[in-house]
Amino acid sequence: MAKTLAKIPGRKRGRIAARLAAAALAAAVVGTGSPAVAANTSPKPYPAAAPSPFARVSGVANAPSGDAPQFDLFAADRANTLYGYIRDGGGALSPRARVDTGWDAIKTAAQVDHDADGYADGWWEWDKNGTMYYAPDDSDKPVNVGGGWNTYNLLLSPGNLGGAEAGDLLARDAGGNLYLYLGYGNGKVAARYKVGGGWNAYTLIAGNGDLTGDGKNDIVARDASGTLWLYKGTGNYKAPFEGRVRIGNGWNTYNALFSIGDVDLDGRTDLLARDAGGGLWRYSGTGNAVTPFATRKNIGSSGWNTYRLFF
């Protein structure tokens, strides 16, 4: 397992966000005002135990309260090095900090919040052999959840979809069937429940929190024509989404959509999008089901196409 699991034991991972915070503070001290982009040089080492200016490892001090998740962003580049970003308090992201190398065995990953406090407690990851692991923040012992996950071409954790506290998992197979796995809150998941078919119509699916202001987690999905659709959550695992609602066109300008929750610290869930030129854009959430996103804001002019994986 040591050869296939990303090389980040839980307690080391539990210190990552504090290290990111220290890196962000150092950047602020030297007066950098440039947007966070994927730099060409690796960040210098920094102490894991450096004092943090943040209220908790994943939250900025004096951040407004809200129900939206507040996750850090992790990104693996094509050289299979993992980097981390935290929110800078102004709607963008801190300069990146190097987390670890050796991500060549990992196909995809997803953070998960088990206790509904808005902060990630660890992450799921899937290796190229189809084995799923859970790496918790508070332990050095990753959990082998099981094999056979190569049957899916998309895996996503949009938060709680089934009504309990623990984050859940969505998985789409090659036939376009979408399945929901309810999380137990310890990294393991219940038997899958079929949500429906036809989901291979979508090239990208994203979500992490409530987009419509009703307290239930939602997702968005982009089809091949570039139309973006909203699927409102119901809180019922047997029918987790209402019928889709069209949001807008032109979303095929992006080759990645993902969410870490509330980026601009207004208490609402936001969406991040990367364009073909490597620019990063923030779509701030409005909490309005009719127009769930405000006008986009550029938070990274270039360099983000160095990454193959965001979570």
Side-chain angles (χ1 to χ4, degrees), residues 4-6 10 13 68-69 71-74 76 106-137 142-200 202 204-211 216-221 231-241 256-261 269 271 309-311:
T4 57
L5 186 66
R13 290 187 54 256
F71 289 7
D72 301 317
L73 173 64
F74 294 94
I106 304 303
K107 188 175 181 180
T108 190
Q111 296 187 75
V112 59
D113 173 15
H114 290 312
D115 54 10
D117 67 350
Y119 299 91
D121 298 305
W123 66 53
W124 285 309
E125 57 187 48
W126 297 266
D127 68 19
K128 294 178 180 178
N129 295 321
T131 303
M132 174 179 170
Y133 299 94
Y134 172 64
D137 280 341
V143 178
N144 185 330
V145 181
W149 291 84
N150 271 349
T151 190
Y152 301 118
N153 57 27
L154 182 143
L155 293 157
L156 171 70
S157 180
N160 162 35
L161 294 175
E165 285 190 341
D168 304 319
L169 176 66
L170 290 174
R172 183 186 65 188
D173 67 18
N177 297 307
L178 190 69
Y179 297 93
L180 172 62
Y181 288 85
L182 297 177
Y184 282 123
N186 59 3
K188 296 184 179 181
V189 294
R192 69 183 188 179
Y193 183 86
K194 187 175 180 179
V195 175
W199 287 80
N200 50 7
Y202 299 117
L204 294 171
I205 302 175
N208 185 21
D210 174 22
L211 294 171
K216 300 179 179 67
N217 289 351
D218 314 304
I219 61 172
V220 295
Y231 282 87
K232 288 183 64 177
T234 65
N236 178 3
Y237 77 92
K238 294 183 178 179
F241 302 113
L257 293 176
F258 54 97
S259 177
I260 57 172
T269 291
L271 185 67
L309 170 63
F310 296 100
F311 67 98

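All residue numbers in this chain count up from 1 along the given sequence. Since we're looking at a predicted model, the values are computed, not measured.
Contact between Gly183 and Ala166 at its shortest, heavy atoms only, is O-CB, 3.5 Å. Of all heavy-atom pairs spanning Ser157 and Ala110, the tightest one is CB-CB, 4.0 Å. Heavy atoms only, all atoms of each residue included: Leu170 and Pro158 are closest at CD1-CG, 3.9 Å. Between His114 and Asp121, the shortest heavy-atom contact is N-OD2, 2.6 Å. What you find for Gly207 and Ser259 is that their closest heavy atoms are C-CB, 4.1 Å. Closest approach of Gly196 and Trp199 over heavy atoms only: O-CD1, 3.6 Å.
Here the OH atom belonging to Tyr202 is positioned 13.5 Å from the CG atom belonging to Leu257, to the nearest 0.5 angstrom. Interatomic distance, Tyr193 OH to Leu180 CG, rounded to the nearest 0.5 Å: 9.5 Å. The structure places CG of Leu161 at 7.5 Å from CD1 of Ile219, a figure rounded to the nearest 0.5 Å. Expressed to the nearest 0.5 Å, how far NZ of Lys232 lies from CG of Asp210 amounts to 9.0 Å. Annotation: the span from Asp127 atom CG to Asn150 atom CG amounts to 7.5 Å, rounded to 0.5 Å. To the nearest 0.5 Å, atoms CE (Met132) and CG (Leu169) are separated by 5.5 Å.
The side chain to side chain donor-acceptor pair (under 3.5 Å) contacts involving residues 160-173 comprise Asn153-Arg172, Asp173-Asn177, where partners must be two or more places apart or lie in separate chains. The ring pair (Phe, Tyr, Trp, His ring centres under 6.0 Å) contacts involving residues 156-184 comprise Trp149-Tyr181, where partners must be two or more places apart or lie in separate chains.
Judged purely by atom type and a 3.5 angstrom limit, Asp113 uses its side chain to pair as donor or acceptor with the backbone of Gly118.
Between Trp123 and Phe74, the ring center distance clears the sub-6.0 Å criterion.
Looking at Phe258 and Leu73, their side chains come closer than 4.5 Å, going by heavy atoms from C-beta outward.
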Check your understanding: Going through the checks in order, is the side chain to side chain contact (heavy atoms under 4.5 Å, CB included) test met by Val112 and Tyr134?
Key -> CA-CA 10 Å; Val112 59; Tyr134 172 64; 3.8 Å; yes
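Counting non-hydrogen atoms of neighbouring residues, nucleotides and ligands closer than 6.0 angstrom, the NZ atom of Lys188 reaches no more than 12 such neighbours.
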